[in-house]
Amino acid sequence: MMAVAFAAGVGVLVGAAVLLLLQARTYPVVLGVVMLSYAVNLFLFASGGLRRNAAPVVGSAEVLADPLPQALVLTAIVISFAMTALLVVVAVRAQQAFGDDHVDVSLGEDGDE
Amino acid sequence: MVAPSLAVDWVAVTVVGLTVVSAVGVALFHRRRLFALILLSAVGVGVSLLFAAFSAPDLVLTQLAVEVVSIVLLLLVLYLLPRSTPSERRPGMHVLRMGLAVTLGVAAAVLVHGMLVNPVESIAQYYVDNAVPGGGGHNVVNVILVDFRGFDTLGEITVLAVAAVGIGTLLHKFAPVLPTEDQFPRAADAHPALLRLQARVLLPLALAFSAYVMLRGHQLPGGGFVAGLITGGALVLQYMANGAEWSQRRLGGAHHRLVAAGVALATLTGVASWGFGHPFLTSTHGHWVVPVLGHVELASAMAFDLGVYTTVVGVTLQILTTLGEVTVPGSLSRHHDGWVQEGGA
């Protein structure tokens, strides 16, 4: 039941992220990337199994949670912040250069709109 | 190792529920950009609560600290963008988008569920057994980051440094045109007195707390990444409360040097082990009795962690201050040696 709830949560996050990524403006795409990084981090985290009251500090519990996915996710969280920032800055530069924040600039004025 | 079977925990289920509601809200209301951002931050808090529920204190700290700086980042960007997303006029696309989103969402859920209910053979026990004898630290996550897999971490802080340099380059001498219609209202008082005073009182407390988190990192949840984000967040608050010019005069503007110093320190820690005839990034640790402090366990990996800390502070400041500066067009102009104020404060 807990596994079902957790899995469903990750699934909804992925679905919402994909929906946002497929929008035609840069801002929702950035939101989608942030949302997808949440989902991927939870996915990686879940690969170590879910445990209650088992923080991976030696001596704090009998059986410890798997520390390896946690270490990988920790750096992934910080790196996704830097990548989001880079993406955002590219989006802002593009919006300033073309006067429009449409992801497909050639369609911006008369194509998709 | 078998997959741990978990009893239903209604607190955790509620957290999942709130996260899901916020995520759906972001997807539904993404056209109202500020509202969507507030909901997105709720998703981030939900994710960190899930980490808290399932025994990952290091991830809770990191996720919350990153949440603060990434929301500030996206708020800065909203300053340059219209406040709403115009709607597209192609109904067929909407059905296609929904179909893809549902398919991929269900696929991800099935994958995660399969992973959670099937037994896994984990290599975790090696790290747990060797953290104290091999790395001199009780916090296994931190020992993995700065010791066992230190080379990974060195690569990761290099990625951070490259991203910061890229952002600095993209925004160099960049003077954006603010949206003329559908823009967010500008604050009448750019630097409110209450925020200014609070920020100054908070700074020493935040710095002391980040030093505490940094020092305990090898033994208890904490470490260079989290401490760096806390320091970075506290300094960014000074920029927000007092303005770029005020903060620049006190902090100096060369955050890229901080990034370089951090990566250099981490690399040098690795190189130093060659001097003792050991492979790159080999660490050592020992136990000392220091007057006043008592028993102290120190590891050379903590110097590496200091490099991580310095890089993260530099990257956070570099990203948010360069982006912050371009959102104040006209009032400041860049000179080769710093900032000169032209308009009134």
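Numbers restart at 1 for each chain; the letters A, B, ... are given by sequence-line order, proteins then strands.
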>> Less than 4.5 Å to any heavy atom of chain A: does that hold for the side chain of B/V69, its backbone, both, or neither?
In response: both
> Do you know which of B/L73, B/L59, B/I157, B/V16 has the most heavy-atom pairs with chain A at a distance under 4.5 angstrom?
Replying inline: B/L59
> Under a 4.5 Å heavy-atom cut-off, does chain B meet the side chain of A/D101, its backbone, both or neither?
Replying inline: side chain
>> Could you check whether any side-chain heavy atom of B/V146 comes within less than 4.5 Å of a side-chain heavy atom of B/H218, counting everything from C-beta outward?
In response: yes
> Is it the side chain or the backbone of B/I167 that comes within 4.5 Å of chain A heavy atoms, both, or neither?
Replying inline: both
> Looking at side-chain heavy atoms only, is the closest gap between B/I144 and A/L68 below 4.5 Å?
Replying inline: yes
> B/V26, B/V162, B/V24, B/V315: which one forms the most heavy-atom pairs within less than 4.5 Å of chain A?
Replying inline: B/V26
>> Heavy-atom pairs under 4.5 Å with chain B: which of A/V90, A/V73, A/L21 has the most?
In response: A/V73
>> Which atoms of A/F43 are under 4.5 Å from chain B, going by heavy atoms: the side chain, the backbone, both sets, or neither?
In response: both
> Taking the six-membered ring for Trp, are A/F6 and B/F54 parallel (under 30°), tilted (30 to 60°) or perpendicular (over 60°)?
Replying inline: perpendicular
>> Is any side-chain heavy atom of B/Y79 closer than 4.5 Å to one of B/L75?
In response: no
>> Which atoms of B/L96 are under 4.5 Å from chain A, going by heavy atoms: the side chain, the backbone, both sets, or neither?
In response: neither
>> Quick check for you: among B/V102, B/V143, B/L37, B/V15, which has the greatest number of heavy-atom pairs under 4.5 Å with chain A?
In response: B/L37
>> Less than 4.5 Å to any heavy atom of chain B: does that hold for the side chain of A/L20, its backbone, both, or neither?
In response: side chain
> Picking from B/L320, B/V177, B/V159, which has the most non-hydrogen pairs under 4.5 angstrom with chain A?
Replying inline: B/V177
>> Is B/V128 in contact with chain A via its backbone, its side chain, both, or neither, using a 4.5 Å heavy-atom distance?
In response: both
> Between A/Q70 and chain B, which part of the residue has a heavy atom less than 4.5 Å away: side chain, backbone, both or neither?
Replying inline: both
>> Can you tell me which portion of A/V78 sits under 4.5 Å from chain B's heavy atoms? Options are side chain, backbone, both or neither.
In response: both
>> Taking side chain as everything from C-beta outward and backbone as N, CA, C, O, which of these in A/A46 sits under 4.5 Å from a heavy atom of chain B? Side chain, backbone, both or neither.
In response: both
> Can you tell which of B/G105, B/A65, B/S55 has the highest number of heavy-atom pairs within less than 4.5 Å of chain A?
Replying inline: B/S55
> Is chain A contacted by the side chain of B/L78, its backbone, both, or neither, given a heavy-atom distance below 4.5 Å?
Replying inline: side chain
> Non-hydrogen atoms of chain B under 4.5 Å away: do they reach the side chain of A/V63, the backbone, both or neither?
Replying inline: neither
> Is there a side-chain contact between A/P56 and A/R51 (heavy atoms, below 4.5 Å)?
Replying inline: no
>> Less than 4.5 Å to any heavy atom of chain A: does that hold for the side chain of B/A12, its backbone, both, or neither?
In response: both
>> Tell me which of these, B/R33, B/Q219, B/M98, B/R31, has more heavy-atom pairs under 4.5 Å with chain A than the rest.
In response: B/R33
> Who wins among A/G32, A/P28, A/A65, A/A91 for the most heavy-atom pairs under 4.5 Å with chain B?
Replying inline: A/P28
